[in-house]
Amino acid sequence: MFGKLALQSLLDRKGSVVLSLMAMTVSIFVLLGVEHIRHQTKENFSNTVSGVDLIVGARTGSLNLLLYSVFRVGAPTNNISWETYKTIANTTKVKWAIPISLGDSHKGFRVLGTSSDYFEHYSYGSQHHLSFIKGKAFHQVFDVVLGSTVAKKLGYQLGDKLTLAHGITATSFSLHDDRPFTVVGILAPTGTPVDQTLHVSLQGIEAIHIDWQQGVKMPGSTITQAELEQAELQPKSVTAFMLGLESKMATFRVQRAINNYTKEPLLAILPGVALSELWQMMSILENTLLLVSALVFIAACLGVSAMLLSSIRERNREIQLLRVIGAPAYFLFFLIELEALLIALLSCVLATGLLAACLVFLQDYLVSHFGLHIGINFLTENNLYLMLAMICASAIVAIIPSFSGYHQARTVKH
Amino acid sequence: MAIDLKDVNFHYPEEPNQRVLHIPSWTLSAGEQVFIHGPSGGGKSTLLSVLSGLFLPSEGQVNVLGQRLDQMTSRRRDRFRARHIGYMFQQFNLIPYLNAFDNIRLASQFSQQKKTPELHEEIQKLLSVLNISANDWYRPARHLSIGQQQRVAIARALINKPELLIADEPTSSLDPLNKEAFMGVLLSIVAENDITLVFVSHDLSLSNYFNRIESLSDINRPEGSA
């Protein structure tokens, strides 16, 4: 009966209640959404590369190495000689090695020179391997495999020809236009920088630079396609490489050995550690976002309370009547609290529904346009606690109008 | 004695020098019906609030149905009021957004005396006796006519079978025809159930329904010596 009283009383004030309800719903939606996306992004982020035990590059900062080798951001400081790569890759503790050669681009997308081991060993998320939606890995020198975003944005199909540009800007003037590549494979979306990468073989990289010196094409080059295919395209250097080890236990030992490598200054990093270091730097942004959504929520709570507070003045007669039929003064306190709780609960339900609908409808869009893999299941334990906290918070803020109702009930005058 | 007041003084806490009530002595026997008339502003509503235990007197004894209201905690007074006292206003006797049935049910919630099935039966009986057609039982109270509302208010005030009924100008918003009908049904129910009635109005024409008629100014002398 008391629940019915609270509900009917809210229904009786539809206009202001619906507005407060909407404010509350939007704020809960924002808070839950931000929290969910924050978690998902963090998870995606720390899963950008998995299954790789060590990343090795020329000596630099660990973040820099991570940024250019995994995120294709920034520029490598130096290359590593092919001999060094070979030496380390052939150590007994190393199971597999993926060389990486960077420095070219295609319409703003980075080109990654690598070996076919890349498609076999590189993994992201919880050990997802790369898979092809079309075609297969490169086999010829001038084959290229596209990340899903590259294929989608630039509209390439299997068999299309494309030329690479020297350097990493979108408007490079030095094109490798004499040696076009053929699209042989397109990768499935991963939500990682792989989507924005063109993959070619190390031999391909070598081939397009064969008559270049100091980053400039030498005029009068006469090497033909046929000659190229005959030539031994042995790379002289790579930018970095990724290692998978026989045993995780050996990781630190191998890392130390590489860092102390005497012939060349090298740096080996554990991708997980470097990723979480990088995420730390973004935590200010993350926390600011959370803070703003929390403030939006508090504003909505205050809005609901203001609505209830102003309703109490209109309900003087009602309060008087309740007192006369025997309602104790504290009954009014709980009645107003109950109304606030009903609004909070209903808002939670509406916000949950709204968020679920948005995630269902936007999931594909987010993956294809932002490379964001956001799961639909946001009702994690964490978010349920968050909702509980929000309901408690709204009950606490509603103490103000509830107490006012109690006070009015105590001092009721005719 | 249904009501026994002795040396009752009342002033609002915020105005300690302005005495609103000063009643040296006043009594009402059980089952008696009294008509009290007086101008508005004569401390009428304050007196009724003291009788119903909404207000505590600043001084003096308030004995209602053999219980000292001035010695009870506020929680006990609330429960006492719910169980033993019915109260009617001039208007706004019902929560406007609840229907007649729920308004009566709500009143019985605070006394917690009846189980649901018999309560429903009771409410239906009362509403029929008060001549409210079944179509109107489940309509929000605000859609009922004033006459209907006041009759539902009788049912609401009587659902807990109170020994004392306090009516504060219950007919003032009714037209003459409804007024007559209202007084008829009210007094017959009161007589039938042996309820003590305190009926306050400025409308002296109603006094011929009553045997005992008093003027508020005779009971309450706020200007008199303390």
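Note that this is a predicted model, so its numbers are computed, not measured. So you know, we letter chains A, B, ... as the sequences are listed, proteins then strands, and number each from 1. Just the heavy atoms: all of them, side chains too, but no hydrogens, waters or symmetry mates, feed the values below.
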Could you tell me whether A:Ile284 atom CD1 has more than 12 heavy atoms of other residues or ligands within 6.0 Å of it?
-> no
A:Met22 CE: over 12 foreign heavy atoms closer than 6.0 Å | no
What part of B:Arg142 lies closer than 4.5 angstrom to a heavy atom of chain A: side chain, backbone, both or neither?
-> side chain
Which portion of B:Leu94 sits near chain A, non-hydrogen atoms under 4.5 angstrom = backbone
Within the 4.5 Å heavy-atom criterion, are [X] and [Y] side-chain neighbours or not?
X        : Y        : result
B:Leu106 : A:Leu322 : yes
A:Gln320 : B:Phe89  : yes
B:Tyr87  : A:Leu321 : no
B:Asp78  : A:Phe331 : no

If you look at every heavy atom in B:Ala82 and A:Gly326, which pair is closest and at what distance?
-> CB-CA, 3.8 Å
Rounded to the nearest 0.5 Å, how far apart are [atom1] of [X] and [atom2] of [Y]?
X        : Y        : atom1 : atom2 : result
B:Asp102 : A:Leu5   : CG    : CG    : 9.5 Å
B:Asn93  : A:Arg317 : CG    : CZ    : 9.0 Å
A:Arg323 : B:Ser52  : CZ    : OG    : 9.0 Å
B:Arg105 : A:Lys4   : CZ    : NZ    : 5.5 Å

Return yes if a side-chain donor-acceptor contact under 3.5 Å exists between A:Tyr330 and B:Arg75, otherwise no.
-> yes
Just by distance, do the side chain of B:Arg156 and the backbone of A:Ile325 share a donor-acceptor pair under 3.5 Å?
-> no
